[in-house]
**Student:** 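Please find one structure pasted underneath; my questions will follow.
Every chain is numbered from 1, with letters handed out A, B, ... down the list of sequences.
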Amino acid sequence: PQNTDSFDFANYHTLEEIYSFQDLLVAENPNFVSKIVIGQSYEGRPLNVLKFSTGGTNRPAIWIDTGIHSREWVTQASGLWFAKKIVTDYGTDPTLTAILSQLDIFLEIATNPDGYAFTHSSNRMWRKTRKPNPGSSCVGVDPNRNWDAGFGEPGASSSPCSETYRGPSANSESEVKSIVDFVKSHANIKAFISIHSYSQMLMYPYGYKTTPTNDAAELHKVAQKAVSDLTSLYGTKYTYGSIIDTIYQASGGSIDWTYNQGIKYSYTFELRDTGQYGFLLPATQIIPTAQETWLALMTIMDHTLKNPY
Amino acid sequence: KVTFEGHKVLRIVPKDEVQLSLIKDLEEMMEFELDFWRGLTTVSNPVDVRVPSHVLNSVKDYLETQNIEYSTMIEDLQILLDMEQKVMAGARVPQ
């Protein structure tokens, strides 16, 4: 496509197409959208983050990432749609315009680019990173068990051949370390939202322990509103709660780390599940999934704007 | 390119704590053969698992012996993957 208006959001795309889309969006909106390369993947691919900003310096910010598990294709596809939605709605949607008048939004669409490329070239079912594990023929680490929050505790595997292999140490994966470094250096991120698929859940910390966070009541209330707004569009039913109560014990997860860093509004989504396709959600479902998720994202972002801390 | 001919995705719904524990045992017994798409949570919550064709009979036998109910969510994963590729390729032509 020559411009992002003609980009086909209703289909899945290769990593190269995602990178091209990002560059086009930046070129079309030079005073609003910029691309930051926060690091490199193990195989040397850029870790691109789109920054949506209406000005200011180091404003408080909202982080959104999609595709840390590479086979969850509807997440990267939704990320593309979110990027375009932010550009089209800014200036027309009063809520989003108000958010962007005070906050920046950072969006990492291909959070695990090596894994994503591998799902296109070699193994559609690949979930992890692509770094070899010394002493093992099994490749890759689960990048959502590699964060420094309960790392190594129950809820992740120590076996390199497992789909939930935590890695040799916290932040061993450059895809994780790059975000950690970015979040620390920015030091003003107020909401961190990590998007997965599939099982229709909205969750908040913790995943590695049963102890509720100090903000559990507020996080629960916001999740309830976000899910209600999401459901209002197509009737998609979500469950919500802390990770450990809603899904299972999972250690080394992204939002547990961000919460412990002081980012109160830390949430993770599991997107739509038709009950028939799992990770192979048909492309016809991309736009409805993104649309309904956007409503929940807006709820969280609006709450972040109205409840500064 | 890895292919998945004959791989099925089974949806298992544990009806009590005993079944939950038996499915957990299955997961541990066959960790590197089975691919849990949707992991074990609580009673009544579905578990989706990709089962390669060479272990399909063993898994089904285990579930049936333990009276654990399951249904087939995806009959043949490769057929869906081929369809996905076809849709992607078709979408690229007009562009």
**Student:** Checking A:Trp73 against chain B: side chain, backbone, both or neither under 4.5 Å from a heavy atom?
**Tutor:** side chain
**Student:** Is the closest side-chain heavy-atom distance between A:Pro282 and A:Tyr277 below 4.5 Å?
**Tutor:**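 The answer is yes; the side chains approach within 4.5 Å.
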**Student:** With chain B, which of A:Glu163, A:Met125, A:Gln2 has the greatest number of heavy-atom pairs at distances under 4.5 Å?
**Tutor:** A:Met125
**Student:** Assess the pair A:Phe279 and B:Trp37: is the distance between their ring centroids shorter than 6.0 Å?
**Tutor:**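 Yes, the ring centres sit under 6.0 Å apart.
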**Student:** Any ion pair linking B:Arg50 and B:Asp35 (charged N to carboxylate O, less than 4.0 Å)?
**Tutor:** yes
**Student:** Just so I understand: if I count every heavy-atom pair under 4.5 Å between each of A:Arg127, A:His120, A:Arg124, A:Gln249 and chain B, which residue has the most?
**Tutor:**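 Answer, by heavy-atom pair count under 4.5 Å with chain B: A:Arg124.
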**Student:** Tell me, side chain or backbone of A:Ser162 under 4.5 Å from chain B's heavy atoms, or both, or neither?
**Tutor:** both
**Student:** Are the aromatic ring centres of A:Phe9 and A:Phe7 under 6.0 angstrom apart?
**Tutor:** yes
**Student:** Is it the case that the ring center of A:His13 lies less than 6.0 angstrom away from the ring center of A:Phe21?
**Tutor:** no
**Student:** Just give me the residue among B:Thr42, B:Leu40, B:Asn45, B:Val9 that pairs up with chain A most often, heavy atom to heavy atom, under 4.5 Å.
**Tutor:**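 Most pairs with chain A among the choices: B:Leu40.
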**Student:** Which of the residues A:Asp273, A:Thr14, A:Thr239 is involved in the greatest number of heavy-atom pairs with chain B at under 4.5 angstrom?
**Tutor:** A:Asp273
**Student:** So what's closer than 4.5 Å to chain A heavy atoms on B:Phe36: side chain, backbone, both or neither?
**Tutor:**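 Backbone only.
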**Student:** Under 4.0 Å between a Lys/Arg side-chain N and an Asp/Glu carboxylate O for A:Asp142 and A:Lys128?
**Tutor:** no
